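What follows is a single structure, written as structure tokens, with notes after it.
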2 protein chains.
Amino acid sequence: MFMRKKCRRVNPENIKSLMEKVPDSEIITRMSAIFQALQSDTRLKILFLLKQKEMCVCELEQALEVTQSAVSHGLRTLRQLDLVRVRREGKFTVYYIADYHVRTLIEMCLEHVEEKS
Amino acid sequence: MFMRKKCRRVNPENIKSLMEKVPDSEIITRMSAIFQALQSDTRLKILFLLKQKEMCVCELEQALEVTQSAVSHGLRTLRQLDLVRVRREGKFTVYYIADYHVRTLIEMCLEHVEEKS
DNA sequence: TAAACATATGAACAACTGTTCATATATTAA
DNA sequence: TTAATATATGAACAGTTGTTCATATGTTTA
């Protein structure tokens with residue numbers, strides 16, 4: 001990258017103070033990991049299902065018509081980012097949406113998309 | 001994928017009606033495109049900057065310390081999904097956050113991440 | 001008009017991701 | 001204990017993405 005010499009709109013002081021309000025890199029990276037997890041049709045569908053009712057892996061598998069492995073990998077991704085949580089119930093592993101942040105996130109995006117169609 | 005024969009928790013009727021409430025593929029695909037756009041450190045930082053104040057490309061370029069090309073490509077992605085909008089102002093192209101959905105989306109994610117640290 | 005500034009875009013390559021396959025582990029029922 | 005069910009995980013490959021480089025286009029000023 002080379003430093004451009006002039007841009008009449010740029011005020012270095014302002015730029016600096018604006019950058020200070022941007023969350024630091026660690027936070028940004030964790031945020032992008034979350035969005036990256038939501039960028040998959042399968043994982044999004046999983047969340048829309050769990051939004052209605054907590055479910056075990058084999059229920060999700062039947063609903064989504066993908067392999068058990070794919071569901072399980074998807075759930076792991078979501079779990080690691082604390083977007084979903086787990087509970088053991090006998091031989092079943094029951095997954096559910098972590099909290100209202102996740103619900104709102106999805107709803108905002110859905111509304112945004114539905115607004116223009 | 002092979003069809004697993006038994007899963008005591010699965011009730012085919014219920015599964016079916018749950019799937020009916022999952023947005024259809026076109027919507028899901030558009031949602032994942034949005035999340036995919038948010039899954040980039042650079043684009044996220046752009047949004048955090050625009051969240052404070054509308055800015056032109058060269059301001060963003062200075063703030064982020066990446067090439068003008070990278071900023072421009074990033075903005076195009078965000079623009080195509082209507083996450084940011086544009087306005088001409090003389091020789092400057094001024095970008096700004098599209099609407100409150102986008103703001104809320106980012107805020108929910110930030111809160112979620114900050115909650116556990 | 002020409003020169004300078006501001007932005008956009010195509011190509012290309014390295015890096016990353018999602019799925020499946022194969023297999024391992026865990027739990028329950030017989 | 002063994003068989004059946006339920007879930008998890010590593011490897012690997014095809015497909016996708018973000019950045020830079022080079023260049024084109026658009027706008028203003030001199």
Side-chain angles (χ1 to χ4, degrees), chain A residues 1-10 28-29 32-47 50 54-81 84-96, chain B residues 1-10 28-29 32-47 50 54-81 84-96:
Chain A
M1 188 204 118
F2 75 104
M3 188 56 71
R4 187 176 283 283
K5 267 110 205 157
K6 298 187 184 175
C7 167
R8 293 292 160 73
R9 257 184 92 93
V10 170
I28 290 282
T29 299
S32 66
I34 287 179
F35 286 124
Q36 122 80 16
L38 298 174
Q39 159 264 17
S40 140
D41 286 28
T42 298
R43 290 191 295 260
L44 270 182
K45 286 179 188 169
I46 288 176
L47 292 176
L50 297 183
E54 55 178 31
M55 296 173 78
C56 69
V57 181
C58 56
E59 284 177 296
L60 292 167
E61 179 191 349
Q62 302 264 323
L64 297 175
E65 302 187 338
V66 292
T67 62
Q68 177 270 318
S69 180
V71 174
S72 195
H73 278 299
L75 285 166
R76 178 166 67 157
T77 301
L78 295 172
R79 200 178 59 224
Q80 284 171 338
L81 296 165
V84 302
R85 291 182 186 149
V86 204
R87 197 183 74 233
R88 260 277 166 192
E89 199 172 275
K91 67 171 153 184
F92 298 99
T93 308
V94 180
Y95 283 86
Y96 56 98
Chain B
M1 185 204 114
F2 76 103
M3 189 55 71
R4 186 176 284 285
K5 267 111 206 157
K6 297 187 186 176
C7 169
R8 291 293 159 72
R9 257 184 91 94
V10 169
I28 291 282
T29 298
S32 67
I34 286 179
F35 286 125
Q36 124 79 16
L38 298 174
Q39 158 265 20
S40 142
D41 286 28
T42 298
R43 289 190 296 259
L44 270 182
K45 285 180 189 167
I46 288 176
L47 291 176
L50 296 184
E54 56 179 30
M55 297 172 78
C56 69
V57 180
C58 57
E59 284 177 297
L60 292 167
E61 179 191 351
Q62 303 265 323
L64 297 174
E65 300 186 341
V66 291
T67 61
Q68 177 269 320
S69 180
V71 174
S72 195
H73 278 298
L75 286 168
R76 179 166 65 157
T77 301
L78 296 172
R79 201 177 60 223
Q80 284 172 337
L81 296 165
V84 302
R85 293 183 185 149
V86 204
R87 198 183 73 234
R88 261 275 165 194
E89 198 172 275
K91 67 172 153 182
F92 299 100
T93 307
V94 180
Y95 284 85
Y96 55 97

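Naming: A, B, ... by sequence-line order, numbering from 1 per chain. Just so you know, these numbers come straight off a predicted model, no measurement behind them.
One atom, CZ of B/Phe92, and another, P of C/dA8, lie 13 Å apart when rounded to the nearest Å. As a whole-Å value, the separation of A/Asp41 CG from C/dT17 P is 17 Å. In this entry the distance linking CD of A/Gln36 with C1' of D/dT16 reads 11 Å, nearest Å. Going from atom CD of A/Gln80 over to atom P of C/dG18 covers 12 Å, rounded to whole Å. The distance between atom CG of A/Leu60 and atom P of D/dA6, rounded to the nearest whole Å, is 14 Å. As a whole-Å value, the separation of B/Leu75 CG from C/dA8 C1' is 11 Å. A straight line from CZ of A/Arg9 to P of C/dA4 spans 24 Å, rounded to a whole angstrom. In this structure, B/Phe35 places its CZ atom 19 Å from C1' of D/dT16, rounding to the nearest Å.
Using a 4.0 Å heavy-atom distance criterion, B/Gly74 is classed as making no nucleic acid contact.
Counting atom types as modelled, A/Gln68 pairs no side-chain N or O with a base atom of D/dA6 as donor and acceptor under 3.5 Å.
Between B/Val84 and B/Leu75 the shortest heavy-atom distance is CG2-O, 4.2 Å.
Of the side-chain N and O atoms in A/Arg79, one or more sit less than 4.0 angstrom from OP1 or OP2 of D/dA8. OP1 or OP2 of C/dA8 sits under 4.0 Å from a side-chain N or O of B/Tyr95. In this model, the phosphate group of D/dT19 is approached by a side-chain N or O of B/Thr42 to a distance below 4.0 Å at OP1 or OP2. For B/Arg76, no side-chain nitrogen or oxygen approaches OP1 or OP2 of C/dT7 to under 4.0 Å.
The CD atom of A/Gln68 sits 11.0 Å away from atom CG of A/Leu60, with the distance rounded to the nearest 0.5 Å. Between B/Ile34 atom CD1 and A/Gln39 atom CD the span is 12.5 Å, to the nearest 0.5 Å.
Residues A/His73 and A/Ser69 meet the side-chain proximity criterion, which asks for heavy atoms closer than 4.5 Å. Counting heavy atoms from C-beta on, the side chains of B/Arg43 and B/Leu38 never come closer than 4.5 Å. Looking only at side-chain heavy atoms (C-beta outward), B/Tyr95 and B/Arg79 come within less than 4.5 Å of each other.
When distances are taken from the side chain of B/Arg43 to each of D/dT20, C/dT7, D/dG18, the shortest belongs to D/dG18. For A/Cys58, the side-chain atoms get nearest to D/dT7 when compared with the rest of D/dT7, D/dT20, D/dG10. Candidate nucleotides D/dA22, D/dA8, D/dG18 were compared by shortest atom distance to the side chain of B/Ser69, and D/dA22 ranks first. Checked against D/dG26, C/dA8, C/dT20, the side chain of B/Val57 finds its nearest nucleotide in C/dA8.
In terms of position on DNA chain C, the residue among A/Ala37 and A/Glu89 whose nearest nucleotide sits closer to the 5' end is A/Ala37. Along DNA chain D, the nucleotide nearest A/Gln39 and the nucleotide nearest A/Glu59 are compared for position; the residue whose nucleotide lies closer to the 5' end is A/Glu59. Along DNA chain C, the nucleotide closest to A/Lys91 and the one closest to B/Ser72 are compared, and the more 5′ of them pairs with B/Ser72.
Residue-nucleotide stacking is not present for B/His73 and D/dT19, judged by a side-chain ring centre under 5.5 Å from the six-membered base ring centre and planes under 30° apart.
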